[in-house]
Amino acid sequence: MFCCSTLVGGFLLLIISIVLLAKRRKSLRLKKLVDALKDKANSWDKSEIIEFDPRTKMLEVDFNEMTDRLKKRIIIPNLVEPENSPYGTPATYVNLVADYLTNSFNFSMVNNVLCQFKHFKTVIGDINLHFIHMVGSEEKKSTPIMLLHGWPSTVWEFHKSIPMLVEQGYTVVIPSLPGLGFTEPPNVTGVSPAVMACAYHKLMLQLGYKRFVIHGGDWGSIIGSLMTYMYPESIIGLHNTMNQVKFGWRQILQTLVGAVFPSLVYTTAKEKGFMHPVSKFGQRLYQKFAYFHVQSVLPDSYGYGMVDSPVGLIGWIGSCYAMASSSKDTTKSAMANIEDGIKCFGLDNICAMISIFWSVRSAQASMRIYHEFYSNDTELLSSLCIPNVPVAISNFPNEGIHLTRFATGAIFNNIKQYNYHTHGGHFSHIDNTKAVVGDLTSFIQKIK
């Protein structure tokens, strides 16, 4: 009996030692990776910051050519769509947006709105970076905010939030992701979210902001989280509207227990509504994230159609805005969700985003962020743990990714604010502006 116990004990000790050694090796590997990224960023030359007028880019584009091509588009077949099995963007929606762009949309409105803000350009590393920089009052100038968007978005996403924040005295800096809007596509490969995080951090230092708050959605939340992980000394606080996924023991345990005994896992009715039942949550992920896989492995294959054809652009990215703003049950018909999403997001906002994409003709390049992430940053993000920097999460019902506060704590150990909202989606700055700006400013007040 003693011999058997000794063998079992020795075996368990061996397993524990192997696990600890593997964790140690992974930690050293990640430290080496982060150090290499930071060393590369430190080697980048400082470039001059120059003023930029977005009209120079928008006015170069003949939008009449775009609308003429839409008028002459080949008839789009309106195939039958089963109620519970959407096949993608409905033809009804493509025709609706195409007709609105052709007959009703005011393209000059985009210029008029964007030109309310101060735009700049500079070169950081391999990125010819565009950003908006609006300075608030002297009183709150010490708390600058970096707003980070994702795909398929542009700085247009924040056009309603910028005045609200500046009027309250905050300084805001809003960079355009490479290939999205007026930041040009990199002329090299390997510009992953982690590299962008280094570039954005360097931009803030160059502007004179040694400490600042980050707010992010979609890729912006990932880039902001990576920046906080790599440069915690620079980050006053991190506010995200899209949660991070770290597939660890907390998520596995909650998923298994929550599927059978939801009352033991979900602490509030709102949390349960977001995450339960698991089958519905999984189906939503399956339906909404098909594009994620496609763009991770074949970004260029789909990109050609969007660069060449306005119909292709509407069909692939146009539905993202409406679907991600809909409050409807996503297991129902795609068009029912889109009609609701149009009410939330607005046709003018959809067409504004599409017109910016079309003006810079970089939809293909913009999708490469997915491939670069999977090629370079997956291990870094999966190991993400931010122990000390204050964090706030705003949960909107039609956001694609939700985690419970308990699971989120595996990534962010210092959560100061965790709010749920009754409406809004992936682009909350457009479809629930007051809520997301209110969450951001209340969070800043808590951590000042």
Side-chain angles (χ1 to χ4, degrees), residues 33 36-37 40-41 44 57 121-131 148-157 174-203 216-227 242 244-245 288-310 312-321 324 353-354 356-382 400-401 426-427:
L33 175 62
L37 285 164
K40 182 179 180 181
W44 292 335
K57 192 70 180 176
K121 274 202 165 189
T122 190
V123 177
I124 299 180
D126 298 306
I127 305 173
N128 189 348
L129 186 65
H130 159 262
F131 63 96
L148 300 175
H149 67 81
W151 188 96
S153 190
T154 67
V155 294
W156 180 267
E157 182 180 343
I174 310 167
S176 294
L177 265 67
L180 285 162
F182 305 110
T183 293
E184 296 174 16
N187 55 10
V188 297
T189 58
V191 181
S192 68
V195 174
M196 295 176 198
C198 293
Y200 293 165
H201 177 257
K202 188 135 188 168
L203 171 65
D218 194 80
W219 283 112
S221 69
I222 292 174
I223 294 168
S225 298
L226 289 171
M227 199 190 318
M242 189 186 82
Q244 309 300 311
V245 174
K288 287 193 172 185
F289 285 85
Y291 76 92
F292 202 105
H293 176 70
V294 168
Q295 293 178 187
S296 298
V297 295
L298 299 169
D300 286 5
S301 298
Y302 284 77
Y304 299 124
M306 286 186 282
V307 171
D308 181 68
S309 167
L313 191 60
I314 295 168
W316 189 248
I317 73 165
S319 64
C320 293
Y321 307 123
M353 290 281 204
I354 289 171
I356 293 172
F357 264 88
W358 186 257
S359 70
V360 295
R361 289 296 223 286
S362 59
Q364 174 186 352
S366 73
M367 295 193 296
R368 287 191 173 189
I369 187 173
Y370 292 84
H371 182 80
E372 299 294 1
F373 169 73
Y374 270 106
S375 299
N376 300 284
D377 295 346
T378 49
E379 185 177 30
L380 186 59
L381 189 69
S382 66
I401 297 175
H426 193 63
F427 303 98

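Worth saying up front: this structure is predicted, and the values here are computed from it rather than measured.
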After noting the C-alpha distance and the side-chain angles of Trp156 and Phe427, does the key distance pass the side chain to side chain contact (heavy atoms under 4.5 Å, CB included) rule?
CA-CA 11 Å; Trp156 180 267; Phe427 303 98; over 6 Å; no
Tyr291 vs Ile317, test: side chain to side chain contact (heavy atoms under 4.5 Å, CB included). Steps then yes/no.
CA-CA 10 Å; Tyr291 76 92; Ile317 73 165; over 6 Å; no
Using the side chain to side chain contact (heavy atoms under 4.5 Å, CB included) rule, take Trp151 and Cys320 through it: C-alpha gap first, then chi angles, then the decisive distance, then the call.
CA-CA 9 Å; Trp151 188 96; Cys320 293; 4.2 Å; yes
Hey, mind stepping through Phe373 and Ile223 against side chain to side chain contact (heavy atoms under 4.5 Å, CB included) and telling me if it holds?
CA-CA 10 Å; Phe373 169 73; Ile223 294 168; over 6 Å; no
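Between Leu148 atom CG and Met227 atom CE the span is 5.5 Å, to the nearest 0.5 Å. Taking CG of Leu313 as the start and CD1 of Ile354 as the end, the distance is 5.5 Å to the nearest 0.5 Å. Between Lys40 atom NZ and Asp126 atom CG the span is 5.5 Å, to the nearest 0.5 Å. Atom CG of Leu203 sits about 5.0 Å away from atom CZ of Phe131, to the nearest 0.5 Å. In this structure, Tyr302 OH and Met367 CE are separated by 9.5 Å, a value rounded to the nearest 0.5 Å.
When every heavy atom of Lys202 is checked against every heavy atom of Ala41, the shortest pair comes out as NZ-O, 2.8 Å. Taking both residues in full, the closest heavy atoms of Asp218 and Gly150 are given as OD2-CA, 3.3 Å, listed atom of the first, atom of the second, then distance. Closest of all the heavy-atom pairs between Asp300 and Arg368 is OD2-NH2, 2.7 Å. The two atoms that bring Asp377 and Ser192 nearest to each other are OD2-OG, 3.0 Å, heavy atoms only. The minimum heavy-atom distance linking Leu380 with Ala194 is given by the pair CD2-CB, 4.1 Å. Heavy atoms only, all atoms of each residue included: Gly181 and Thr154 are closest at N-CG2, 4.1 Å.
A donor-acceptor distance shorter than 3.5 angstrom exists from the side chain of Lys121 to the backbone of Phe182, with no hydrogens or angles considered. No donor-acceptor pair under 3.5 Å is formed between the side chain of Tyr370 and the backbone N or O of Val294. Between the side chain of Ser375 and the backbone N or O of Glu372 there is no donor-acceptor pair closer than 3.5 Å. Remark: side-chain polar atoms of His371 are paired, donor with acceptor, to backbone N or O of Ser296 under 3.5 angstrom. In this structure, the side chain of Ser309 does not engage the main chain of Met306 through any donor-acceptor pair within 3.5 Å.
Shown are Ser362, Pro175, Ser366, Ser153; of these, the side chain to side chain contact (heavy atoms under 4.5 Å, CB included) with Leu180 is made only by Ser366.
Evaluation of the side-chain hydrogen bond (donor to acceptor under 3.5 Å, both in side chains) rule for His149 yields no partner, not counting sequence neighbours. Taking the side-chain contact (heavy atoms from CB on, under 4.5 Å) definition, one finds that Thr183 meets it with Ile127, Leu129, His130, Ser176, Pro178, sequence neighbours left out.
Using a 4.5 Å heavy-atom threshold, the side chains of Tyr374 and Val297 count as separate. Between Ile222 and Met242, some side-chain heavy-atom pair lies under the 4.5 Å cut-off.
At a threshold of 4.0 Å, the pair Arg361-Asp308 does not count as salt-bridged, since none of the basic side-chain nitrogens sits closer than that to a carboxylate oxygen.
You'll find the ring centres of Trp316 and Phe357 outside the 6.0 Å limit.
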